[in-house]
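The structure appears below as structure tokens.
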Amino acid sequence: MRIIQRAADLRVNPPRPLGLVPTMGYLHEGHLELIRRAAAENQEVVVSIFVNPLQFGPGEDYQSYPRDLERDARLAEEAGADWIFHPSPEEMYPPGFATTVHVSGPLTERWEGERRPGHFDGVATVVSKLFNIVRPDRAYFGEKDYQQLQVVKRFNADLNLGVEIVPVPIVREPDGLARSSRNVYLDAETRPKATVLYRALLAVRQAAQSGLSPEEALAAGRAVFDETPEFAADYLAVVHPQTLQPLEQWTAGARAIAAGRFPAVRLIDNMEVMGS
Ligand code: PAF
């Protein structure tokens, strides 16, 4: 496996199909699942590790975001990566850089887009750049960041980037907590309570599958939130799986999405609640 910092050092004519796994590093089992899947389906796999300053808002954790390249390189290689692309911020955004990829409309206005203004511009800009630098046939994204996945699908189609976007199911801890690099911020006291999102989503799914309406199902989920006063919910919604617009009636593939904060960390999660 090779670790490179400069876009110019990537191979011009790589063996194809070529898979890309974009990450911000501090790899966990969710990322490793993406890399394994990419390794199984492609001739070569590039894993990008770049903590992208553009997608962090003021007061967010850009500076303190966990970083450990040595550990990441070992884990990525074991999972089947052939290349690690680890650019500097200057390599990605040289002086004079002035372009933003912006997905407009309801897909980015609500949920994470509302709580984290500019976040999806940062994601869309960096992922477009990674697609242009690496020129992959396929790119792998975890369903944990479900809205991000829909945003990536949108600009990939709108800009004719021609990359096959491969969604990979959420990897969870044994107690249901979705794997995330930010789980390191959870202290011993908060960690068991952090399953509140998962439990709320399960309650929504159970209610949905027992014939209750979306509104009644959400009430069941909110009741779970109410049992954990340290958790400040940002949203719990049932949405259309592609547009992410709230549903008043069930549709195939309906998704429950949720986010909220403990004092030291903000968590997001989602779950399909109606079979597709
Ligand atoms: O999901 C992430 O880790 C990031 O948002 C991504 C897709 C690597 C872009 O920086």
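Counting convention: from 1, in listed order, for ligands and their atoms alike. Below, all heavy atoms of this structure are taken into account, side chains as well, without hydrogens, waters or symmetry copies. Quick caveat: nothing in here was measured; it's all calculated off a predicted structure.
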Indicate yes or no: does D61 engage R182 in a salt bridge with an N to O separation below 4.0 Å. yes

The single option from H31, R37, E41, R36 that satisfies side-chain hydrogen bond (donor to acceptor under 3.5 Å, both in side chains) with Y140 is E41

Within 4.0 Å of some non-hydrogen atom of P22, the atoms of ligand 1 are 8 (C)

Note: N52 and Y62 closest approach over all heavy atoms is C-CE1, 4.3 Å

key: Distance under 6.0 Å and angle within 45° of ring axis: R261 vs F225   = no

Numbered in order shown, the ligand 1 atoms found under 4.0 Å of a heavy atom of Q148 are 1 (O), 2 (C), 4 (C), 5 (O), 7 (C)

So the atoms of ligand 1 within less than 4.0 Å of a heavy atom of Q55 turn out to be 4 (C), 5 (O), 9 (C), 10 (O)

Could you check whether D175 pairs with R191 (Lys NZ or Arg NE/NH1/NH2 to Asp/Glu carboxylate O, under 4.0 Å)? yes

**Under 3.5 Å: N/O of T23 near N/O of ligand 1** = no

Within 4.0 Å of some non-hydrogen atom of V126, the atoms of ligand 1 are 9 (C), 10 (O)

